[in-house]
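Below, each value reflects all heavy atoms present in this structure, side chains not excepted, and no hydrogens, waters or symmetry copies.
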Amino acid sequence: MIEKQIVIKSTVGLHASIAAKVVQAASKYDVDINLYYHDKVIDVKSILGLMSLAIPSGENVVIKATGPDAEAAINDIASILE
């Protein structure tokens with residue numbers, strides 16, 4: 001399992017268009033990947049799950065991934081969120 005802490009840097013937080021980019025990026029990889037925010041765990045490949053979190057700018061999240069493409073997936077997603 002690979003894990004990375006990320007600070008959401010978008011000035012409007014994790015909104016619909018960023019969530020869509022994250023889901024599209026995650027879906028390219030053979031990986032099980034989850035986003036942890038406070039006490040919630042969401043499958044990163046679920047746009048509704050991501051949007052339901054309503055994460056504001058400046059918040060810390062943790063992404064954990066397992067699978068052969070875990071590191072590449074986390075790096076790709078981090079580049080969208082950071």
#### Entry: Stepwise side-chain contact (heavy atoms from CB on, under 4.5 Å) test for Glu82 and Lys4
CA-CA 12 Å; Glu82 292 182 314; Lys4 183 170 187 171; 4.1 Å; yes
### Query
Considering all heavy atoms of both residues, which atom of Tyr37 and which atom of Asn60 are nearest to each other, and what is their separation?
CD1-O, 3.7 Å
### Spatial distance of atom OG (Ser46) from atom CG (Asn34) [nearest 0.5 Å]
10.5 Å
### Message
Side chains of Asp76 and Tyr29 only: does a donor on one sit below 3.5 Å from an acceptor on the other?
### Response
yes
### Message
When you group the ILVMFWY residues by side-chain heavy-atom contacts below 4.5 Å and let the links chain together, are Ile33 and Ile80 in the same group?
### Response
yes
#### Entry: For the student: nearest non-hydrogen atoms of Ile74 and Glu3, plus distance
CD1-N, 4.1 Å
### Query
Can you get from Leu53 to Val7 by hopping between Ile, Leu, Val, Met, Phe, Trp and Tyr side chains that sit under 4.5 Å apart?
no
Atom pairs and distances, donor-acceptor, side-chain atoms in residues 10-23, under 3.5 Å, two or more places apart:
residue : atom : partner : partner atom : Å
Ser10   : OG   : Val12   : N            : 3.4
Ser10   : OG   : Gly13   : O            : 3.3
His15   : ND1  : Ser17   : N            : 3.3
His15   : ND1  : Ser17   : OG           : 3.0

Acceptor/donor pairs from residues 61-69 side chains to any protein atom, 3.5 angstrom cut, sequence neighbours excluded:
residue : atom : partner : partner atom : Å
Asp69   : OD2  : Asp30   : N            : 2.9

### Query
Ile6, Ile42: one ILVMFWY side-chain cluster at the under-4.5 Å cut-off?
yes
### Summary
Correct closest heavy-atom pair for Val31 and Ala70 would be CG2-CA, 3.7 Å
## Note on the structure
In this structure, NZ of Lys40 is separated from CD1 of Ile55 (nearest 0.5 Å) by 9.0 Å
